[in-house]
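What follows is a single structure, written as structure tokens, with notes after it.
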Amino acid sequence: MTSPNPSHLDVLILGAGMSGLAMAMALKRAGRHDFLIIEKSEGVGGTWWDNRYPGACVDVPAPLYSFSRAPHARWRRRFAAAPEILGYMQGLVERHGLAPHLRLNTAVQSASFDDASGRWHIKLDSGELIDARIFVCSTGPLSVPRWPAIDGLASFAGPRLHSARWDASVPIEGRRVGVIGTGSTASQLVPELARRAAGLTVFQRTPTWVLPRFDRAYGAMDRWLFHLPGWNRLVRAFWAATAESFRRGFEPGSAAQGRLMALARGHMKRQLRGDEALRQRLQPAYPIGCKRIVFSNDYLRAFTRPQVALQTQAIASITPAGVRLADGTEHPLDVLVCATGFDVQHALSVPITGRGGVSLQTLWANGAMAHLGTTVAGFPNLFLMLGPNTATGHTSTLLFIEPQVQFVLRAMQELELRGSRWMDVRGDTMHIFNEQMQQRLVGSVWTRCRSWYRADNGRNVAIWPGYTREYRQRLAGVQFASEFVFG
Ligand code: NA7
């Protein structure tokens, strides 16, 4: 069963990544079939559709990266590779009958709230207009690749790849490859490239803390056990609790932080096989947790290979032949890889206009903000998935997506109970919440380094400063009567 009229919908979901699919499954489960998912790519997957670089895999154990209501029994590794996750997502589409609700290869040009009808008007690139009562924006914060702002980047004569737009037809074997960036992505990509390239040079601006990855293959016995719902729940709960325990190590000056940093330091020593000079160059000068935790058993070790070089001098420019460093040295390359992250979007990849013609871009000029990362004052019936300040550096994003989806269902019920067309979070509710968030973030571990968590003005627009349980409880405890206005 699908929408009776696809241009006049109850719910429009933008983006078929993890959060878009979660919303769609929850709607189906609630017996609500009047919805459409619009996706600009050729397939579902979101970040897993985009990130196909060698070595791409999930950075939390896979049982925690599957939905509590849609467990997966066929994981082949604890830290599952990107194609496995994409397979899981495609399986969700099949099992939950989502295909008829999907419109792939379709981009949205703009979305605006129509004050007169109290509905969202969504304009597609094709010029087609869709109107919807509820607009769920699940475009993901990290969907737009960021190229580094380095002089001469476009002049490079060889292939230039961004990790999030990998071109597998570019040969790596036997080539001299350069990687700019040392974040989560580079930590997965570098060991793979080190195995294949004739020479690999990693250009590091800031080193990364690395913890051991407790990875293993899942065998036939594991897969049999995963078929038991009780076992699945237990394993998921175990990894959720373990991930939360890492969060304790993010408290500046705490004993837990000391233990976490000692674990990382010991790991680094072992990985670098006692090479003290290399250790000093790879040792971060900021506390662990400031960036998303990297778990890896082969990233640091890759630097001990004879064909891998680490450059820590600033890059002065890119030339047609390679990279020129600040000290004037030239590093000739055949292939240049930018693992330089993303322009953080939080729903800004599409122009969105709310009540009275206010644009989200203008409202967010000094940094994105939303009440509990999901609703924005002045933008009725707009629900953000993984909106501002709902990212974490230590656990699975699914633990934030699931309560967000439940919140949207609750909000829809509330609208129907009241017979209202729309609901809008109160401006003061949103602002007070954001003030509290920012106060908690001041002086926290997340202010101690540069990262995608922070906007250009230093404001941390990405991180949820508490534990996962607090987020779940706060979202479940939202008082519609006092925190929202209805129309
Ligand atoms: P990140 O974590 O944003 O990392 C980007 C890396 O690129 C980081 O090491 C940056 O150095 C480096 N970078 C960016 N611009 C430049 C320039 N101009 N010169 C040199 N180096 C540069 O992106 P990832 O893709 O690794 O991970 C994103 C998220 O995906 C991650 O948090 C996980 O949740 C999954 P910097 O540290 O800024 O000095």
Side-chain angles (χ1 to χ4, degrees), residues 17-18 46-48 50-60 64-65 79 82 85 140-154 156 160-166 178-191 201-211 243 246 281-282 284-286 288-296 299 310-318 323-326 331 336-346 386 390-401 446 448-456 458 460-464:
M18 275 290 190
T47 199
W48 299 105
D50 291 341
N51 284 276
R52 292 158 182 253
Y53 56 84
C57 64
V58 65
D59 62 0
V60 292
L64 196 56
Y65 203 74
F79 285 79
I85 300 163
L142 304 178
S143 56
V144 176
R146 189 184 56 202
W147 290 94
I150 301 176
D151 276 355
L153 182 67
F156 183 64
R160 176 166 52 92
L161 302 175
H162 192 285
S163 49
R165 295 289 180 274
W166 195 257
V179 173
I180 302 178
T182 52
S184 299
T185 298
S187 76
Q188 299 182 348
L189 184 58
V190 162
T201 308
V202 179
F203 299 93
Q204 169 184 278
R205 187 164 69 178
T206 313
T208 300
W209 281 106
V210 182
L211 288 174
F246 284 114
R281 297 164 73 212
L282 286 162
Y286 57 86
I288 196 165
C290 186
K291 294 168 189 266
R292 185 161 174 93
I293 295 188
V294 167
F295 296 96
S296 174
Y299 172 65
L310 172 70
Q311 294 299 338
T312 53
Q313 279 266 339
I315 299 174
S317 62
I318 309 285
V323 170
R324 182 179 297 139
L325 296 181
H331 295 268
L336 178 63
V337 175
C338 296
T340 44
F342 302 87
D343 278 329
V344 181
Q345 290 296 312
H346 289 130
L386 298 180
T390 62
T392 64
H394 67 286
T395 191
S396 170
T397 50
L398 270 60
L399 299 182
F400 283 70
I401 293 171
W446 301 287
R448 313 287 172 93
C449 67
R450 167 179 43 208
S451 75
W452 67 263
Y453 299 156
R454 301 166 80 197
D456 291 343
N460 191 322
V461 294
I463 279 286
W464 172 254

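Numbering of ligands and ligand atoms starts at 1, following listing order. Residue indices begin at 1 and follow the sequence shown.
- Minimum heavy-atom separation, Ser396 to Tyr65: OG-CD1, 3.7 Å.
- The nearest non-hydrogen atom to atom 16 (C) of ligand 1, considering only His162, Arg205, Gln188, Arg146, comes from Arg205.
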In sequence, state the C-alpha distance, the side-chain angles, and the governing distance for Leu142 and Val344, and then conclude on side chain to side chain contact (heavy atoms under 4.5 Å, CB included). CA-CA 6 Å; Leu142 304 178; Val344 181; 4.0 Å; yes
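- Checking side-chain atoms of Trp209 against main-chain N and O of Tyr286 turns up a donor-acceptor pair under 3.5 Å.
- Heavy atoms of Ile315 stay at 4.0 angstrom or farther from ligand 1.
- Protein heavy atom at the shortest distance from atom 9 (O) of ligand 1 is Thr182 N, 2.9 Å.
- Gln204 does not count as a contact of ligand 1, since none of its heavy atoms falls under 4.0 Å from the ligand.
- The protein heavy-atom contact nearest to atom 37 (O) of ligand 1 is Lys291 NZ, 2.6 Å.
- Distances between N or O atoms of Trp452 and those of ligand 1 include at least one value under 3.5 Å.
- Counting only heavy atoms of the protein, atom 12 (C) of ligand 1 lies nearest to Gly181 CA, 3.7 Å.
- In Phe203, neither the side chain nor the backbone holds a heavy atom less than 4.0 Å from any atom of ligand 1.
- Relative to atom 14 (C) of ligand 1, the option among Leu189, Thr340, Val60 with the closest non-hydrogen atom is Thr340.
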Under the side chain to side chain contact (heavy atoms under 4.5 Å, CB included) rule, what do Leu398 and Val60 come out as? Steps first, then yes or no, please. CA-CA 11 Å; Leu398 270 60; Val60 292; over 6 Å; no
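- Looking at Leu142, Leu153, Thr208, Thr206, it is Leu142 that brings a heavy atom closest to atom 30 (O) of ligand 1.
- Contact atoms of ligand 1 toward Ile180: 20 (C), 21 (N) (distance under 4.0 Å to a heavy atom of the residue).
- Between Phe79 and Phe295, the two ring planes are tilted [angle within 30° to 60°].
- Within ligand 1, the atoms closer than 4.0 Å to a non-hydrogen atom of Arg292 are 32 (O), 33 (C), 34 (O), numbered from 1 in the order shown.
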Side chain to side chain contact (heavy atoms under 4.5 Å, CB included) between Val210 and Leu282, worked out: CA-CA 10 Å; Val210 182; Leu282 286 162; over 6 Å; no
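- Which parts of ligand 1 touch Thr185 is read off a 4.0 Å heavy-atom cut-off, strictly below it: atoms 24 (P), 25 (O), 26 (O), 27 (O).
- Of all heavy-atom pairs between Ala164 and Phe342, the closest is CB-CE2, 3.6 Å.
- Atoms of ligand 1 lying under 4.0 Å from at least one heavy atom of Gly183, given by number and element, are 4 (O), 9 (O), 26 (O).
- Scanning the protein for heavy atoms near atom 23 (O) of ligand 1, the closest one is Gly341 CA, 3.3 Å.
- Stacking of Arg146 on the aromatic ring of Trp452 is not recorded, the 6.0 Å distance cut-off and the 45° axial limit not both being met.
- Nearest heavy-atom pair across Ser163 and Tyr53 is O-CD2, 3.4 Å.
- Here the closest heavy-atom approach between residue Gln313 and residue Ala326 is recorded as OE1-CB, 3.5 Å.
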May I have the step-by-step check of side chain to side chain contact (heavy atoms under 4.5 Å, CB included) for Trp147 and His162, ending in yes or no? CA-CA 7 Å; Trp147 290 94; His162 192 285; 3.6 Å; yes
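- Atom numbering of ligand 1 starts at 1 in the shown order; those under 4.0 Å from a heavy atom of Phe342 are 25 (O).
- The option from Ser451, Cys290, Ala339, Ser184 that lies nearest to atom 35 (C) of ligand 1, judged by heavy atoms, is Ser184.
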